[in-house]
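All figures in this text were calculated on a predicted structure; none of them were measured in a lab. Remember, it's 1-based here, ligands and their atoms both numbered in the order they're listed.
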Amino acid sequence: MRSVAVAVGAGAAALAAAVATRGGRTRLPRLPLRTLCGANATKEVIDPPPPKKIKVALCQLAVTDDKQRNIATARTAIDEAAGAGADLVVLPEMWNCPYSNDSFPTYAEEVGGSIPERCDGRLYNTCFVYGRDGRLLGRHRKVHLFDIDIPGKITFKESLTLTPGEGLTVVDTEVGRLGIGICYDIRFPEMAQLYAARGVQLIVYPGAFNMTTGPAHWELLQKARAVDNQLFVATCSPARSEGPGYIAWGHSTAVGPFAEILGTADEKAGIVYCEMDFGQLAERRANMPLRHQKRSDLYALMDLTR
Ligand SMILES: NC(=O)CC(=O)C(=O)O
């Protein structure tokens with residue numbers, strides 16, 4: 001099994017470790033990055049690591065209210081993706097439980113991920129990134145909680161049960177440098193800009209948009225993040241399940257730096273495979289040198305986490 005890691009699992013062994021392990025908090029290394037702010041703003045950014053070509057598998061899973069069944073489904077999908085030669089395997093947001101505030105406390109694990117994570121009496125919506133060897137490489141806790149109210153359409157308040165994360169998450173893996181966001185995080189362009197400034201090649205967003213915001217915004221936001229920052233974007237949603245409660249839009253998708261769709265799903269369960277050539281980033285950025293054309297004398301992005 002050669003798959004790496006992502007947003008939740010790298011192979012059956014990693015998944016088993018994820019579910020079985022208890023405790024263990026990860027401290028992520030802080031990357032050196034000059035603060036980009038104010039009159040002294042610098043245009044300096046961190047170069048990405050050497051480019052690789054990778055095969056990505058987005059596992060759009062059918063999620064049920066049976067946690068053990070969800071784990072078995074994920075394990076089967078990861079095995080299948082690894083067998084098909086995927087270097088990177090991505091699972092959906094909240095893949096082990098129904099997307100509801102009632103379910104988050106019940107299905108929470110101390111380590112696992114994007115699943116509800118329980119830590120020090122709090123619950124987070126957390127995505128874990130594992131290496132080929134099952135080692136935990138990083139952890140992203142959803143920074144922007146999904147609190148919205150579109151009357152007659154969709155009302156959700158994650159903050160009733162969840163606590164927001166307090167940091168951005170850049171993870172160096174064997175396949176490349178990844179930035180992680182979860183679902184609603186995709187709506188905040190500054191986060192993606194900071195990832196780009198840190199040399200991220202691919203932003204991975206496990207996500208579960210719904211039947212109102214999905215058709216309106218899901219693909220648009222992915223293309224926007226990819227094009228603005230000239231990098232790759234991948235999303236992974238649960239498959240759509242009809243019935244009461246939250247209905248996921250599905251449509252897990254991978255987008256290239258020129259807004260090209262590299263692979264996409266419909267609403268049903270399945271695995272989307274696509275190739276990503278990180279060498280294209282340099283070419284796109286040379287063709288259209290946006291980062292050198294920014295008017296840092298007029299505006300700048302502040303990295304307050306440094
Ligand atoms: N579920 C989410 O976090 C976000 C979402 O559905 C949306 O932004 O729309």
Which residue from Tyr99, Trp249, Phe209 reaches closest to atom 1 (N) of ligand 1 through any of its heavy atoms?
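Considering heavy atoms of Tyr99, Trp249, Phe209, the nearest to atom 1 (N) of ligand 1 sits in Tyr99.
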Can you tell whether the side chains of Glu93 and Lys142 come within less than 4.0 Å, N to carboxylate O?
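A salt bridge is present here (some side-chain N lies under 4.0 Å from a carboxylate O).
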Electrostatic pair Arg177:Asp172 at N-O distance under 4.0 angstrom
yes
May I ask you to identify, for Tyr246, whether its side chain, its backbone, both or neither come under 4.0 Å of ligand 1 on a heavy-atom basis?
side chain
Heavy-atom pairs closer than 4.0 Å: do any link ligand 1 to the side chain of Arg187, the backbone, both, or neither?
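Side chain only.
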Going by the order shown, which atoms of ligand 1 are within less than 4.0 Å of some heavy atom of Ala208?
1 (N), 6 (O)
Would Val90 and Leu262 show up in the same hydrophobic cluster when neighbours are defined by side-chain heavy atoms closer than 4.5 Å?
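Same hydrophobic cluster.
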Does Lys142 come within less than 4.0 angstrom of ligand 1, counting non-hydrogen atoms of the residue?
yes
Short N or O distance, Cys183 and ligand 1, threshold 3.5 Å exclusive:
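No, there is no polar N/O contact under 3.5 Å.
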Protein contact to atom 9 (O) of ligand 1 [nearest heavy atom, distance to 0.1 Å]:
Thr213 OG1, 2.6 Å
Could you tell me the residue and atom name of the protein heavy atom closest to atom 5 (C) of ligand 1, and the distance to it rounded to 0.1 Å?
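Sorting protein heavy atoms by distance from atom 5 (C) of ligand 1 puts Phe146 CE1, 3.3 Å first.
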Classify the side-chain pair Arg187/His217 by whether it contains a donor and acceptor separated by less than 3.5 Å.
yes
Pairing donors with acceptors under 3.5 angstrom, does anything connect the side chains of Thr64 and Asn70?
yes
Listed once per pair and sorted, the side chain to side chain donor-acceptor pair (under 3.5 Å) pairs that draw on residues 236-249, sequence neighbours left out:
Asn210-Tyr246
